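What follows is a short report on a single structure.
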Amino acid sequence: MQNILFVASECTPFVKTGGLADVIGSLPQALRTNEKVDVRVILPLYDEIEAEWHEQMTYETSFNVEFGWRNQEVRIYTLTHQNIMYYFVENAYYFTRKGIYGYYDDGERFVFFSHAVIEALHHLDFKPDILHAHDWQAGIAVALAKIKQPIADMKTVFTIHNIKYQGLMKLDTYADFFQLPEEHIAGMEWNGMLNCLKSALFHADKITTVSPTYAEEIKDPYFSEGLESILLEREEDLVGILNGIDTREYNPLTDPAVPVPFRSSRNKKKENKLIMQERVGLPIDADKPIYTIITRLVEQKGLHLVEHIVDAFLEENDVQLIILGTGDSEFEHFFKEAEHRHPNKLVTMLTFDEALARQLYAASDFFIMPSLFEPCGLAQLIALQYKSVPIVRETGGLKDTVHAFNELTGEGNGFSFTNYNAHDLLTVLNYSLTIYHQPLQWLKLSQNVNKSRFSWKESAHEYTTLYRELKARTLPHVESEDGLELQVQEI
Ligand code: GLC
C-alpha cells in the first residue's frame, strides 16, 4: 500500500475556478479504484465552500505555524467523500474571505498554506510516501518537504497544470516567510523574484504536466514563460500524463441537465438542438449546424483568432454560433456587439452556468477551441463525450486528444490547424461545414467521435507507475563485493 497526499488549492465538488479542480476532484478516485494506493487530499478551508460541506467536516487536530513575525493557529478538519479522505486547513486570517483568489497577498496566503501542510504532517496519523503538489499555490510545500524532511524518505511529485501562473513575490519576503538559512534562497529565486512554481521545479523528485505535448512545449521559450532552462535541466524527471475525464459525471445519457438524454443517437441530439434554438431565440431548424464556444473569455483560449474571422464565417455561411462564458471585458464587448451584426446567427451569453453549458455541449454539432496554449484542456473532452465535434489548434493536450479527420482514410475525431493564424481557423471552420453536408463523411466522423475515450484509467496507471518508481528510489542501497551499489528489491 502506498500513501499519497495531494496538495492543491481547489477541488470539485468543494471549490472550483478551473480545470485544476476537476483533476483534483477525479484523479484520486481513479487512483483508488485502480490500484493499491491510499490517496488523500489537503486543501485550504475557504469560506466559499458551501455550508453543507462545512457541516459534514469533523475536527481532527490543531497546531501553530511560525510564519514570519506571525504565529498562526491552524485547525485541520476532515471529511470523507466518495471514499476519499479530504483534509481542510483552517486559518481565519488567510482563508476566511470572499472568493478564493484575487487578493493582494495571494502569494503570502499560499506560502502559508504550504507551511501549514508541512507542519500538519507531524500531527496527522497519515504518513505519505509521496507528497503530490499541484500548481504554484502548492509549490512551496514541495520545497519545504525537501528542505525540512518532515517524514523520512517522503518523495515529492509536482504537477504543472499551467506554467503561466507562477506565484511571484518580492525576494525580500523570503526573510519574512521562511525561517531558513539564506542558502535555500537560490532554489526558490528566479529572475530576482521569489517564485513558487520554480521552487517546486527545483526541489521535486518528479515533475509532471497534463499532456505529453505540453511536456515538450514548455521546454521551448515560446511556451515556457521564462522557465525553459530549469525545465531542460530537469528534463529527465519531467513527464507528460494526459488528464482524463470523469465519464460518470459527464455522460449525456444520465446528465440531468440534458433535456433529451442520448448515448450517440444523432436524432436525439437534434432534439436537444431544437430545444436550444428555441431557448436562445435562434431560428429553429434541426439541419442548421450549431457551432459553440464555451470558455473563460481570456486570451489563452484563442479568442483573438475568433474575433478576426467571426464576421466572415457568419456572413458566408448558413450556420449558428452560440458563445457562453465570462472573462475579459475586451472579449465580452466584442462578442456582444457582434451579436447585433448577426441577429439570426450569433448568440452571446455572458454568464457561466454549468447546466446551460452541458445543454450546449449536447445541442451543438461543433465545439471551437483554438487555444494559444492548452496544457491539457477539459472542454474538448466533454465535447467529445456529448458528441460535439471539436475544432482545435494543435497545441498541448488538444493535439494529444483531437485528431484531424481525414476523408481518405476515414480516421480522425475532429478538425485541427497548426499555426496561430486566424485564416487557418477560418479555413478549417469552412472545411468542417463541407464535411457536415456530406452524409457519408459526416457519419464516419460521428462514429469516430463516438469511439473516442478519455477515462482516467490509463492516466491513473501512469501515475501509479511513477509513484512506484519513486518509492523504489527510497529502498536501501547495499554495496556488493565489487563495490557497486545494488538496490535491495522490494518483495
Ligand atoms: C489548467 C489548464 C488546462 C488543464 C487544467 C487541468 O486549467 O489551463 O489546460 O486542462 O489545468 O489540468
Side-chain angles (χ1 to χ4, degrees), residues 6-13 15-31 41 43 100-101 132-139 157-167 196-197 200 207-218 223-225 227 238-247 249-250 293-303 325-328 352 354 357 361 367-385 390 392-402 416 420 454-456 458-460 462-463 466:
F6 271 34
V7 186
S9 59
E10 48 183 277
C11 173
T12 57
V15 61
K16 166 170 172 173
T17 71
L20 170 66
D22 290 288
V23 174
I24 307 303
S26 50
L27 175 55
Q29 248 100 5
L31 286 167
V41 182
L43 304 158
I100 311 181
Y101 312 127
H132 186 164
H134 299 261
D135 266 358
W136 77 264
Q137 293 89 344
V157 177
F158 180 71
T159 298
I160 305 167
H161 294 262
N162 193 337
I163 205 165
K164 193 174 171 71
Y165 306 101
Q166 300 179 3
C196 296
L197 190 102
I207 302 163
T208 75
T209 188
V210 288
S211 67
T213 295
Y214 195 60
E216 285 307 310
E217 286 174 342
I218 54 178
F223 291 97
S224 70
E225 301 287 336
L227 292 174
L238 169 65
V239 34
I241 302 178
L242 201 60
N243 284 338
I245 185 173
D246 185 339
T247 46
E249 172 67 24
Y250 295 107
I293 298 174
I294 304 169
T295 182
R296 271 180 303 124
L297 299 171
V298 293
E299 192 191 11
Q300 178 191 338
K301 301 298 173 180
L303 297 167
T326 58
D328 295 351
F352 194 76
E354 179 73 25
Y361 283 115
F367 179 79
I368 308 172
M369 190 167 177
S371 302
L372 176 61
F373 66 92
E374 198 59 72
C376 179
L378 179 65
Q380 83 278 16
L381 304 182
I382 304 175
L384 284 164
Q385 284 284 111
V392 305
R393 190 169 95 80
E394 290 156 20
T395 184
L398 295 174
K399 186 170 175 184
D400 294 332
T401 55
V402 178
S416 66
Y420 195 70
F454 297 99
S455 84
W456 272 110
E458 278 169 35
S459 316
E462 288 185 53
Y463 279 110
L466 185 105

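Below, all heavy atoms of this structure are taken into account, side chains as well, without hydrogens, waters or symmetry copies. These numbers come from a predicted model, not from an experiment. Note that ligands are numbered from 1 as they come in the structure, with each ligand's atoms numbered from 1 the same way. Throughout, numbering of the chain's residues begins at 1 and tracks the sequence.
Here the two rings, on Tyr463 and His132, have centers that are under 6.0 Å apart.
Ligand 1 has an N or O atom lying under 3.5 Å from an N or O atom of Cys376, backbone or side chain.
Heavy-atom contacts of Gln300 reach the following atoms of ligand 1: 8 (O) (cutoff under 4.0 Å). Residue-ligand proximity, Val210 to ligand 1, at heavy-atom distances under 4.0 Å covers atoms 12 (O). Close approach of ligand 1 to Val23 is summarised as follows: ligand atoms under 4.0 Å from at least one heavy atom of the residue are 6 (C), 12 (O). The contact set between ligand 1 and Asn162, taken as ligand atoms under 4.0 Å from a residue heavy atom, comprises 8 (O).
Taking the six-membered ring where the residue is Trp, Phe373 and Tyr214 present parallel rings, their angle staying beneath 30° rather than reaching 60°.
Closest to atom 3 (C) of ligand 1 among all protein heavy atoms lies Glu374 OE2, 3.5 Å. Shortest contact from atom 2 (C) of ligand 1 to any protein heavy atom: His161 O, 3.2 Å.
A distance of 6.0 Å separates CG in Leu303 from OG1 in Thr295, rounded to the nearest 0.5 Å.
Between Trp456 and Ile245, every side-chain heavy-atom pair lies at or beyond the 4.5 Å cut-off. Ile241 is listed as a side-chain neighbour of Val239, based on a closest heavy-atom distance under 4.5 Å.
Contacts with ligand 1 closer than 4.0 Å are made by side-chain heavy atoms of Asn243 only, the backbone lying farther away.
Comparing heavy-atom distances from atom 4 (C) of ligand 1 across Gly377, Ser371, Gly397, Gly19 singles out Gly377 as nearest.
Salt bridge annotation for Lys301-Glu374: present, with a cationic side-chain nitrogen under 4.0 angstrom from a carboxylate oxygen.
When each of Asp135, Asn243, Thr208 is tested with Thr159 by the rule side chain to side chain donor-acceptor pair (under 3.5 Å), just one qualifies, namely Thr208.
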